[in-house]
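Each remark here refers to the structure printed beneath this line.
In what follows, every heavy atom counts, from backbone to side chain, and hydrogens, waters and symmetry copies are set aside. Atoms within a ligand are numbered from 1 in the order they appear, just like the ligands themselves. Quick caveat, the model's predicted, so the values are computed rather than measured.
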Amino acid sequence: MTLSMNPSTYVRVTLKNCLREQEEEITAFCFDYGALGVSEALKFEQNDPANYQPLTIFTDVFSLEVFFQTHPGDIFYQEIYKKFQISDYEEHLEQEKDWLEEWKKGYEPFEIVQDIWIVPSWCTAPLNAKKIIWMEPGMAFGTGTHETTQLVAELLSSAPIETSDNMLDVGTGSGVLAILAAHLGINNIVGIDIDKESLRVAKDNVLKNSVQEFVDISIKDVSELSDQYTWVVANIIDGVLLKIKLDLLKVLKPGGYLVLSGILEERWPAFKKEFIETENLKIIECKQKGDWIGVLLNA
Ligand SMILES: C[S@@+](CC[C@H](N)C(=O)[O-])C[C@H]1O[C@@H](n2cnc3c(N)ncnc32)[C@H](O)[C@@H]1O
C-alpha cells in the first residue's frame, strides 16, 4: 500500500516480531533504505526506589518503529521480509505536529490554593485571580498540576508561616513552590536542584514573577549547605527522600517544619517508620491525592 504525501507528513512503519539478535542488522537495513530514525518502545523496571537508574528489559522479540519522510517503496518490504524473520508490518501516514504547542493547549490557568493562581506565561490571567504565579515550566518538573506539588502547596497554605521565617526548597524544578512560598509571605527562600536545566528554568520563573528579592535559586547540593531553615520543603520521590534524610534534617532549624511529598501510598508505612518515627518527628498534617502522600512534620 502506498500512502499519499505532502511536506507536513511523514511515514511511520511498525515492523512486528523482530528478533533481538537481528536488531543491529535490521536497523542498518532501514537506514540504507532512507529511514530518518528508528525507535523501540522499551520497558523498564525499577527495583530500587532510591536509585534513579531503571533497568531496561530487553525482550527476545520486539516491534520496531521506523520513520521515513515518504513511503519507503515496495522493494523495502520485499527485501526486509526476505532478509529477516519479520512477521508483519503496518504503515501509517502521520501529520507533523508542534508537540510543544499541542501540550500548551492543555495547560490552562488554575487556582492551586485559595486566591493563588498558576497562569501559564502565554495565557491571560483570570480577572478573579488575586495572586498569580506566572509559569513557563519548559523541560523542568513543576507545572503545579501534579498531585505531589499540590500536596505541598496545600500543606504550606494552611501552615503557621511567619514573615521572619526562611525556607529551603530542595528539588525546586520550575521553582513553582519557591514562588508560591513568596506569595504565602516568606521573604527569604532558597531553591536548589541537581538538574541544571531546572535551575535555568527556575531562575527565569523567579524573574517572570518579580520575586528575585525573596527567592534565590542555587545549584548547591543539600549536603553542602550550612545554613538552617524554618521550612524545608522537598517534593522528591520517597526513596530519594530517605537517601538524603540526614542532609534534610541537618538544614532544618530546631523546631522547624519539614514538608515532604512524592511518597507513594504503598511505601508510606515503611517511609513513616524509617523517616518519621526513627527521627522522632511529629506529624502535623498528612494528606493524600491519588497514589501520593504529602506530610507536614515538626522537628
Ligand atoms: C518531583 S520534582 C518537584 C519539582 C517542584 N518542586 C514541584 O513540586 O513541582 C523533583 C525535583 O527534584 C530534583 N531532584 C532529584 N533528586 C534531587 C536531590 N538529591 N537534590 C536536589 N534535587 C533533586 C529533580 O531534578 C526535580 O527537579
Side-chain angles (χ1 to χ4, degrees), residues 46 48-54 107 110 112-113 116-121 133-157 159 167-184 186 189-206 208-209 211 215-225 227 229 231-252 258-265 267 271 275 287-296:
Q46 180 158 0
D48 176 5
N51 195 336
Y52 264 154
Q53 286 171 330
Y107 184 34
F110 67 99
I112 185 160
V113 290
I116 305 184
W117 285 68
I118 294 194
V119 181
S121 58
I133 300 174
W134 295 103
M135 215 9 81
E136 172 100 49
M139 298 297 285
F141 187 106
T143 54
T145 53
H146 199 269
E147 285 120 325
T148 58
T149 312
Q150 294 182 356
L151 283 167
V152 178
E154 289 174 18
L155 288 167
L156 274 179
S157 69
M167 182 182 121
L168 177 69
D169 178 21
V170 184
T172 197
S174 66
V176 60
L177 292 173
I179 299 166
L180 176 102
H183 281 297
L184 292 174
I186 304 182
I189 302 152
V190 175
I192 60 171
D193 206 292
I194 51 167
D195 175 45
K196 277 194 183 147
E197 178 57 13
S198 295
L199 292 168
R200 189 194 64 74
V201 169
K203 280 182 183 168
D204 271 5
N205 282 319
V206 164
K208 267 194 187 79
N209 286 278
V211 289
V215 183
D216 183 30
I217 301 292
S218 161
I219 193 157
K220 289 199 183 113
D221 191 280
V222 62
S223 62
E224 297 167 24
L225 302 179
D227 288 344
Y229 299 84
W231 295 88
V232 175
V233 167
N235 173 21
I236 313 180
I237 190 79
D238 47 66
V240 176
L241 292 175
L242 282 169
K243 211 169 164 182
I244 61 172
K245 176 181 83 171
L246 296 179
D247 291 321
L248 293 174
L249 293 174
K250 194 188 77 187
V251 293
L252 189 64
L258 197 52
V259 187
L260 303 178
S261 185
I263 308 151
L264 272 169
E265 181 189 9
R267 297 206 284 259
F271 184 87
F275 201 123
K287 294 187 108 164
Q288 179 163 3
K289 271 184 190 274
D291 295 335
W292 300 98
I293 290 181
V295 64
L296 168 60

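For Thr172, the closest heavy-atom approach to ligand 1 falls below 4.0 Å. Contact annotation: Gly262 has no heavy atom less than 4.0 Å from any atom of ligand 1.
Less than 4.0 angstrom separates some heavy atom of Asp193 from each of these atoms of ligand 1: 11 (C), 12 (O), 13 (C), 22 (N), 24 (C), 25 (O), 26 (C), 27 (O). Distances below 4.0 Å separate heavy atoms of Ser198 from the following atoms of ligand 1: 27 (O). Taking every heavy atom of Leu177 and a limit of under 4.0 angstrom, the matching atoms of ligand 1 come to 6 (N), 8 (O).
Ranked by closest heavy atom to atom 23 (C) of ligand 1, the top entry among Ile194, Val222, Asp221 is Ile194. Of the candidates Leu151, Val152, Thr149, Ile236, it is Thr149 that places a heavy atom closest to atom 7 (C) of ligand 1. With Gly175, Gly171, Gly142 as candidates, the residue nearest to atom 6 (N) of ligand 1 on a non-hydrogen basis is Gly171.
Residue Asp195 has no N or O atom closer than 3.5 Å to an N or O atom of ligand 1.
Rounded to the nearest 0.5 Å, atoms CG (Leu242) and CZ (Arg267) are 9.5 Å apart. Within the model, atoms OH of Tyr107 and CD of Glu136 stand 9.5 Å from one another, a figure rounded to the nearest 0.5 Å. A distance of 10.5 Å separates CG of Asp216 from CG of Leu168, quoted to the nearest 0.5 Å. Atom CG of Asp193 is separated from atom CG of Asp221 by 10.5 Å, given to the nearest 0.5 angstrom.
Checked by atom type, the side-chain pair Thr148/Asn235 shows a donor-acceptor distance below 3.5 Å.
Looking at Val176 against ligand 1, only its side chain comes within 4.0 Å, counting heavy atoms. At a heavy-atom distance under 4.0 Å, atoms from both the backbone and the side chain of Asn235 approach ligand 1.
The nearest pair of heavy atoms linking Trp134 to Asn205 is O-OD1, 3.9 Å.
The closest donor-acceptor contact from the side chain of Gln150 to the backbone of Gly144 lies under 3.5 Å. Under a 3.5 Å cut-off, the side chain of Lys250 and the backbone N or O of Ser223 do form a donor-acceptor pair.
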